[in-house]
Amino acid sequence: MSSAADALAAAVERLLPGWVVGCVARFTDDAAVLGRARAAGEDAAPGVAARLRAVETTPLSVMRDAVAVPAAVLRSAGAQPVERDAFSVERFPDDVYDLTPASWADVDPALVDLALMWGVETAWKHKRDHS
């Protein structure tokens, strides 16, 4: 595990519940549903962080997979899917609520620099190991 991956994972673990609530809040202001969203985010945060620490794929891919958390809350609350553009439908077919972040800034601006550091550290290690 790299220090950049660990820092990014720790930040995501801390911020994920709020992000889930924010995603759900686009569809409802029902306090009970938002409470379920926070609880779902808190439950999912350690697993998402563990995947980021494992550096099994790109970090944004892991975060995009986490869209399933707010989507499940919205589905259970009876939220209706939204109309999406052709690219979104093709690239993220399961994201019927159009929640997939295009960048780390869509999750939380505090994650942008951490993700950049992950990329720099990963590239440096790759160069070191393959030169």
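Being a predicted model, the structure only gives us computed values, none of them experimental.
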message: For a quick test of reading the model, state the closest non-hydrogen atom pair linking Thr58 to Trp118 and the distance between them.
response: CA-CH2, 4.2 Å

query: Hey, is the main chain of Lys127 close enough, under 3.5 Å, to the side chain of Ser131 for a donor-acceptor pair?
result: yes

- prompt: Going from CG on Leu74 to OH on Tyr97, what distance comes out if it is rounded to the nearest 0.5 angstrom?
  reply: 5.5 Å

- request: Step by step, work out the salt bridge (charged side-chain N to carboxylate O under 4.0 Å, His left out) result for Arg51 and Asp65.
  value: CA-CA 11 Å; Arg51 287 189 63 209; Asp65 289 346; 3.1 Å; yes

- prompt: Same cluster for Leu52 and Val120 if Ile/Leu/Val/Met/Phe/Trp/Tyr side chains link at under 4.5 Å?
  reply: no

query: Any side-chain heavy atom of Val107 sitting closer than 4.5 Å to one from Leu15?
result: no

message: Less than 4.5 Å apart, side chain to side chain, heavy atoms only: is that true for Leu34 and Asp30?
response: no

query: What pair of heavy atoms forms the shortest contact from Pro46 to Glu42, and how long is it?
result: CD-O, 3.3 Å

message: Using the rule given for side-chain contact (heavy atoms from CB on, under 4.5 Å), can you reason through Glu121 versus Met117, listing the C-alpha separation, both sets of side-chain angles and the distance that settles it, and then say yes or no?
response: CA-CA 6 Å; Glu121 187 174 280; Met117 291 308 301; over 6 Å; no

query: Closest heavy-atom contact between Trp19 and Leu99?
result: CZ2-O, 4.1 Å

field: Step-by-step side-chain contact (heavy atoms from CB on, under 4.5 Å) determination, Val96 to Val82
entry: CA-CA 6 Å; Val96 299; Val82 299; over 6 Å; no

query: Of the non-hydrogen atoms in Leu114 and Ala11, which two are nearest, and what is the gap between them?
result: CD1-CB, 3.4 Å

field: Residue pair Phe27 / Val73, side-chain heavy-atom distance below 4.5 Å
entry: no

query: Taking the side chain from Asp95 and the backbone from Phe92, do they hold a donor-acceptor pair closer than 3.5 Å?
result: no

- request: Grab the two heavy atoms, one from Ala44 and one from Leu16, that are nearest each other, plus how far apart they are.
  value: C-CD2, 3.9 Å

query: Between Pro101 and Met63, what is the shortest heavy-atom contact and its length?
result: CG-CG, 4.4 Å

